[in-house]
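Below: the structure, in structure tokens.
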Amino acid sequence: MRFSNLLFNSLKESPKEAKIVSHQLMLRSSMIQQHTSGIYTWLPLGFKVLKNIEEIVRSNQDQIGCNEMLMSTIQSSDLWTKSGRYADYGKEMLRIKDRHDNELLYGPTNEEVITDLFSNYVNSYKGLPKYVYHIQWKFRDEIRPRFGVMRGREFLMKDAYSFDLDHDKAVKTYQTFFMCYLKTFKELGLQPIPVKAATGAIGGDLSHEFQILAKTGESELAYDPELVSQDLLEKSFDEITSMYSASDEMIDKSKSNVVIGRGIEVGHIFNFGTKYSEPLECYVLNNEGKKVTPYMGSYGIGVSRLTAAIIEAFHDDKGIKWPFNISPFKINIISSNDKFIDIAGELYDTLSKKYINISFDDRDLSLGRKIKDSELIGIPWSLIIGKNFDEKNEFEVINRSSGEKFFVNKQELENFQFEQYTP
RNA sequence: CGGGGAGUAGCUCAGUCUGGUAGAGUGUCUGCUUUGGGAGCAGAAAGUCGCAGGUUCGAAUCCUGUCUCCCCGACCA
């Protein structure tokens, strides 16, 4: 993408409504624009990031045999009345009436819809287990939206649902998703702390929140420091969950060797048994031909929230520092002045064949301004063609994260390991 | 929903107390000079002062109503 074609306008000052750094940087770098309280338009840069995160989440779901599908945003109230949640959900649910006066709602979650769908498609224990997910916009009419997309009313969520024959199998499934989540977050550059959670409105006997440590996190948590210092992917579910972690009121202050911090909840998983399958009359026939009710679980990841959470984790006073695979652009080509614009353009064409998502700042602006924008947006690499090219035929490559500079000739540039980037 | 604050140019904000021609910085546009870290000079465009009503000769400013946004709390991916 050439900057001359990009819908982008960096702001030097933060709009005053933004209180936390991720919100400020998202506004300053033209990632989002607020439409109304808690509802945002995703501008080109923000949308690219959102899709990159979505893709990482998607590939990890696919790896555990989870089926991607797409359920509607608008739902009928019928199923919710059946499950008993139409009344329970209260004002957080956005209720709508169509022209026939039918009661509809903008889905805040999908347990009802998927349970109903499942009961129509799977009738035998042989069809179990089944995992399905979708990545879809949700709406919860929060009392007080805040912090930009961190707590919006409209948000993009990956929600998966599992169906198992019995409780033990459902627990195994739960563990599979648990480990899948750790891997997903690691690919996003994050190491969240799995916190035992109260099961709340969704109910069930087993639930974990995945919290990213951040000063601006909304909830307090206490945890065993080993949950942060060790690679959890090398441990088993039992080893991990035997370490101490607790949130808010569940924190045991008498515990020693425990760290108190604040966290951003980026994922939440539940094992809730037959809480929905039973009232919605979802069953399969077992090997004796008898009706049994599947055991279910649901598994959420806040995709739009993750954009903000990742910025909270990776930024400095100059702007965002995107991990390579999340960044809207991987390499930003900058010509220091118009003299090099053609050479820069050729380089852009060449590199575009090798990498996806290269950008070329072809605007007629001073070098300083272009570098500032590149830093603000958080592009992992800037590639400058300027005086060093003139004098020594060298390109200058700057790493956003470390600030390191490399001077390379054309041959070296071709072999340069741009992917080796971690903030 | 309770408590607090704010709506004036794209953005940040002054002006409101004490009514009298709508302001600054930044950004935008044009021209020239520039071009290695948000360049310089000159010029220009840009706001029904959130909306509605009222008081007044006259309202951004005073009064009434209303809408929206933000912050603190209880709920949540």
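Keep in mind the model is a prediction, meaning the values are calculated, not measured. Chain A is the first sequence line, chain B the second, and so forth, proteins listed ahead of strands; every chain is numbered from 1.
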According to side chain to side chain contact (heavy atoms under 4.5 Å, CB included), who are the partners of A/P129, at least two apart in sequence or on a separate chain? A/Y131, A/D164
Quick one: side chain to side chain contact (heavy atoms under 4.5 Å, CB included) partners of A/K82, sequence neighbours excluded? A/L280, A/E281
Does the side chain of A/E226 reach to within under 4.5 Å of the side chain of A/Y244, using non-hydrogen atoms? no
Any side-chain heavy atom of A/K138 sitting closer than 4.5 Å to one from A/T73? no
May I ask which nucleotide in the shown strands pairs with [N], Watson-Crick or G-U wobble, both distances under 3.5 Å?
N: B/G38; value: none
N: B/C1; value: B/G73
N: B/A9; value: none
N: B/U66; value: B/G50
N: B/U28; value: B/A44

Just call it for A/R153: base, sugar-phosphate, or nothing, with non-hydrogen atoms closer than 4.0 Å on any strand. nothing
Classify A/G152 by what it touches in the nucleic acid, base, sugar-phosphate, or nothing, heavy-atom distance under 4.0 Å. base
In terms of side-chain heavy atoms of [X], which of [options] is nearest?
X: A/M157; options: B/A77, B/U35, B/G36; answer: B/A77
X: A/I398; options: B/G36, B/C75, B/G37; answer: B/G37
X: A/E375; options: B/G38, B/G37, B/A77; answer: B/G37
X: A/S366; options: B/G37, B/A39, B/G36; answer: B/A39
X: A/L376; options: B/G38, B/C76, B/C1; answer: B/G38
X: A/Q34; options: B/G38, B/C69, B/A77; answer: B/C69

How many Å lie between [atom1] on [X] and [atom2] on [N], as a whole number?
X: A/Q136; N: B/A77; atom1: CD; atom2: P; answer: 18 Å
X: A/I143; N: B/A74; atom1: CD1; atom2: P; answer: 10 Å
X: A/F340; N: B/U34; atom1: CZ; atom2: C1'; answer: 15 Å
X: A/D364; N: B/U30; atom1: CG; atom2: P; answer: 11 Å
X: A/I371; N: B/G37; atom1: CD1; atom2: P; answer: 8 Å

Within the structure, does a side-chain N or O atom of [X] lie under 4.0 Å from either OP1 or OP2 of [N]?
X: A/R144; N: B/C71; result: yes
X: A/T36; N: B/C69; result: yes
X: A/R151; N: B/C71; result: no

Looking at A/R363 and A/D361, is there a salt bridge between them, counting it only when a charged N and a carboxylate O are closer than 4.0 Å? yes
Does this structure show an ion pair linking A/E419 with A/K330, if we count only N-O contacts that are shorter than 4.0 Å? no
Expressed in whole Å, how much space separates the [atom1] atoms belonging to [N] and [M]?
N: B/G50; M: B/U68; atom1: C1'; value: 7 Å
N: B/C11; M: B/C51; atom1: P; value: 15 Å
N: B/U61; M: B/U55; atom1: C1'; value: 13 Å
N: B/A6; M: B/A14; atom1: C1'; value: 15 Å

Note: for A/F147 and A/E142 on RNA chain B, the residue whose nearest nucleotide lies more 5' is A/F147
With RNA chain B as reference, determine whether A/A18 or A/E265 sits nearer its 5' end, using the nearest nucleotide of each. A/A18
Show every side-chain hydrogen bond (donor to acceptor under 3.5 Å, both in side chains) that has at least one partner inside residues 45-58 of chain A, sequence neighbours left out. A/K48-A/N357, A/E54-A/R58, A/E55-A/R58, A/R58-A/E68
Could you list all the side-chain hydrogen bond (donor to acceptor under 3.5 Å, both in side chains) pairs where at least one residue sits in residues 19-28 of chain A, not counting sequence neighbours? A/S22-A/E312
So which protein nitrogen or oxygen atoms get under 3.5 Å of nucleotides 5-13 of chain B's nitrogens or oxygens?
{"residue": "B/A6", "atom": "O2'", "partner": "A/K16", "partner atom": "NZ", "Å": "3.2"}
{"residue": "B/U12", "atom": "OP1", "partner": "A/K16", "partner atom": "N", "Å": "2.6"}

Only pairs at least two apart or in different chains count here, so list each ring pair (Phe, Tyr, Trp, His ring centres under 6.0 Å) that has a residue in residues 324-351 of chain A. A/Y348-A/F360
